[in-house]
Participant: 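Just passing along the structure, written as structure tokens.
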Number of protein chains: 2
Amino acid sequence: MSSVKNFDTYFKSAFTVDNVIFGFDESDLKILLIKRQEEPYENHWALPGYFVLPDEDLNTAARRVLKQLAGLDNVYLEQVKSFGSVDRHPFGRVITVAYFSLVKIADFNPRPDNDVANEVRWFSVADISHLDLAFDHEEMILECFAKLKRQVRVQPVGFELLPPRFTLTELQHLYEAILETDLDKRNFRKKILSMNLLIDLDEIQEGVAHRPAKLYRFDLQKYKEFLQEGFSFEVKESKRKEKPLSN
Amino acid sequence: MSSVKNFDTYFKSAFTVDNVIFGFDESDLKILLIKRQEEPYENHWALPGYFVLPDEDLNTAARRVLKQLAGLDNVYLEQVKSFGSVDRHPFGRVITVAYFSLVKIADFNPRPDNDVANEVRWFSVADISHLDLAFDHEEMILECFAKLKRQVRVQPVGFELLPPRFTLTELQHLYEAILETDLDKRNFRKKILSMNLLIDLDEIQEGVAHRPAKLYRFDLQKYKEFLQEGFSFEVKESKRKEKPLSN
DNA sequence: CCATTTAGTGTATTTTTTACACTACTGGCC
DNA sequence: GGCCAGTAGTGTAAAAAATACACTAAATGG
């Protein structure tokens, strides 16, 4: 009854993974980009990404790229969306799978010893639109940033983005950067402390020219619970002087 | 400086789209499956899906499949996730992009006049695990169902799944089916009506052997606003007699 | 020691969520 | 016509969560 048709015409495509890697440095949300060293879009800034090898799973490919281009290992990684417009790649039909990754900037260890990128650098999210990125990478970043905004209300992303020890103000700044809004200090602290997700280290900042803040770390145990169950983060915004991005 | 490498080895893959089509018939959440008419997995139940044509965008392909296999047009469609395990397809390397779709079962118009499926049928979500589905389709369904659960808290999905006129009880049953929990009738009504998303039609059910319920429809205008801004749906669950699925 | 800068804290008010049980209306049966 | 079965429809009080808001505390640097 059934016949084996010829499917060869379909097996002429390629796929890639691209990573939108978010980092945070005490005030600014950043994304890691590479300057491409090969065609197409040679010398354009682009997301770190590459072809998926024939015998490689998607997640594996994303982690390999993360390692090869940024020396990053064991980081938070999540698939976001695939992009497959017919003409998005000049070499042929190429679908790319976008991943988003959250890393501590201090862990970043650039690897110029690869033949894909000749430069790797962090850019503020707000500056990305001036760069004329390769492919449809700007669109991909916007989608991933939107995803991060949703994620932050439901998962303690600070754990991935902040250094091991941090102050409540740093944590608040992170939330403000992601949500692009100002938060009320007292309400933020009340909320975040009531989650019992933070451990007071009984240490304080040193060498700052003002009252030093207490240092905290995340409770890994609680964090894992949240990863499974999710949580709900809401703090009503207060008026902001100005809105970065999205203008 | 740069050289054009040989990328041919990467251009030997194919990709497909698969649709997880949700429908609702007054008590039960259902998924549309086809019985495959060709290899691989001939005669297995599977998600409606097919290869993406060389000159076809992903969304276009998903809509084409929806139309060809189920006669469905103009429906809610959203990309969910891509699946690309190395060995998921016996014919070679094939990534599939999973879409989820919400349709009114009454609009469904099966098309046996295609050469992919020789049967198309709705299955209760709870029954799917007994079917031994083709490929990794069961995993795909679980991911999409999880997505629907998240979506329902943030978007008025009822608009897509219910007939044009419906009762509040039907709407509540829909939420209960998706969330797999019981909801408190009074609190549900209070909440849903306070959103001003429903229009009271001043009509009632006919021919039911009990007090007839009032009929409502969605306010298309408000619905579109919600689509853009999202909303927040929460009603605390009450105890349930039993939990379907996920056991 | 004074100026500057950021850290840290509590309360009253409003809003939202929750728990909960009885009456209303219809068809069908006798 | 009256009664039964079955679902529709309704309100309130209590608890919990979210909000608005302003002053004191601790460090450095001149």
Side-chain angles (χ1 to χ4, degrees), chain A residues 25-27 152-154 158 162 165-177 179 181-217 230-241, chain B residues 26-27 152-154 162 165-177 179 181-217 230-241:
Chain A
D25 78 358
E26 70 207 79
S27 65
V152 76
R153 295 176 177 275
V154 137
L162 290 177
R165 307 182 317 150
F166 53 87
T167 69
L168 291 181
T169 301
E170 283 166 0
L171 184 58
Q172 183 177 343
H173 286 338
L174 171 62
Y175 275 79
E176 290 176 334
L179 295 171
T181 186
D182 282 353
L183 301 173
D184 179 272
K185 182 160 68 166
R186 279 183 286 197
N187 292 338
F188 177 82
R189 284 164 185 242
K190 207 185 309 175
K191 179 101 186 183
I192 212 85
L193 289 173
S194 75
M195 291 177 178
N196 291 319
L197 188 62
L198 302 185
I199 295 177
D200 183 342
L201 286 170
D202 275 319
E203 297 174 62
I204 56 171
Q205 284 181 310
E206 284 175 19
V208 288
H210 55 77
R211 176 174 176 177
K214 292 169 76 171
L215 294 172
Y216 292 83
R217 67 178 175 84
F231 75 150
S232 179
F233 176 87
E234 287 296 342
V235 175
K236 179 63 181 301
E237 64 186 54
S238 58
K239 315 106 228 165
R240 178 165 204 146
K241 327 114 200 176
Chain B
E26 70 207 82
S27 65
V152 77
R153 294 176 178 275
V154 136
L162 290 177
R165 307 182 316 148
F166 53 87
T167 69
L168 290 180
T169 301
E170 284 165 2
L171 185 57
Q172 182 177 344
H173 286 338
L174 171 61
Y175 274 79
E176 290 175 334
L179 294 171
T181 183
D182 282 352
L183 301 174
D184 179 90
K185 181 161 68 164
R186 280 185 284 199
N187 292 337
F188 177 82
R189 285 164 183 242
K190 207 184 312 172
K191 179 102 184 180
I192 211 84
L193 289 173
S194 75
M195 291 177 180
N196 291 319
L197 187 62
L198 302 185
I199 295 177
D200 182 342
L201 287 169
D202 275 319
E203 297 175 61
I204 54 172
Q205 283 181 312
E206 283 175 19
V208 288
H210 53 77
R211 175 173 178 179
K214 292 168 77 173
L215 294 172
Y216 292 83
R217 66 177 175 85
F231 76 151
S232 180
F233 176 87
E234 287 295 343
V235 174
K236 178 62 182 299
E237 64 185 54
S238 58
K239 315 105 228 164
R240 177 166 202 144
K241 327 111 201 178

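Reminder, nothing fancy here: chain letters follow the sequence lines and each chain counts from 1.
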Participant: Does any non-hydrogen side-chain atom of A/Asp202 lie less than 4.5 Å from one of A/Leu215?
Facilitator: no
Participant: Just the rounded figure in Å: distance from P of D/dT19 to CZ of A/Arg189.
Facilitator: 18 Å
Participant: Between C1' on D/dT10 and CD1 on B/Ile192, what's the gap in Å once rounded to a whole number?
Facilitator: 17 Å
Participant: Could you list the residues that satisfy side chain to side chain donor-acceptor pair (under 3.5 Å) with B/Arg165, not counting sequence neighbours?
Facilitator: B/Glu203
Participant: Rounded to whole Å, how long is the line connecting atom NE2 of B/His173 with atom C1' of D/dT7?
Facilitator: 9 Å
Participant: Atom CG of B/Leu171 to atom C1' of D/dA8: distance rounded to whole Å?
Facilitator: 15 Å
Participant: Reckon A/Arg186 has a side-chain N or O less than 4.0 Å from the OP1 or OP2 of C/dG8?
Facilitator: no
Participant: Please determine, by modelled atom types, if B/Ser194 and B/Arg189 share a side-chain donor-acceptor pair under 3.5 angstrom.
Facilitator: no
Participant: OP1 or OP2 of D/dA8 versus the side-chain N and O atoms of B/Lys214: is any pair under 4.0 Å?
Facilitator: no
Participant: Please report, rounded to the nearest Å, how far the P atom of D/dA8 is from the CG atom of B/Leu193.
Facilitator: 14 Å
Participant: For nucleotides 11-13 of chain C, print each protein N/O atom paired with a nucleotide N/O atom at under 3.5 Å, atom names and distance only.
Facilitator:
| unit_1 | atom_1 | unit_2 | atom_2 | d |
| --- | --- | --- | --- | --- |
| C/dT11 | O4 | A/Lys190 | NZ | 2.9 |

Participant: Distance check, rounded to the nearest 0.5 Å: A/Leu168 atom CG versus A/Ile192 atom CD1?
Facilitator: 8.5 Å
Participant: Give me the atom names and distance for the closest heavy-atom approach of A/Ala213 to A/Thr167.
Facilitator: CB-CG2, 3.6 Å
Participant: Taking the six-membered ring for Trp and the full ring for Phe, Tyr or His, determine whether the centres of B/Phe166 and B/Tyr216 are under 6.0 Å apart.
Facilitator: no
Participant: Whole-Å distance between C/dA7 P and A/Leu215 CG?
Facilitator: 11 Å
Participant: What's the CD-C1' distance between A/Gln205 and D/dA25, to the nearest Å?
Facilitator: 15 Å
Participant: Any side-chain N or O of A/Thr169 under 4.0 Å from OP1/OP2 of C/dT6?
Facilitator: no
Participant: Could you state the CG-P distance from A/Leu168 to C/dG8, rounded to the nearest angstrom?
Facilitator: 6 Å
Participant: B/Ser27: which residues meet the side chain to side chain donor-acceptor pair (under 3.5 Å) condition with it, sequence neighbours left out?
Facilitator: none
Participant: Taking protein heavy atoms under 4.0 Å as touching, what does nucleotides 24-30 of chain C look like 5' to 3' if B marks base contact, S marks sugar-phosphate-only contact and - marks none?
Facilitator: BBBS---
Participant: Strictly by salt bridge (Lys or Arg N to Asp or Glu O under 4.0 Å), give each pair with a member in residues 205-215 of chain A just once, sequence neighbours left out.
Facilitator: A/Asp200-A/Lys214
Participant: Which residues pass the side chain to side chain donor-acceptor pair (under 3.5 Å) test with A/Gln205, not counting sequence neighbours?
Facilitator: none
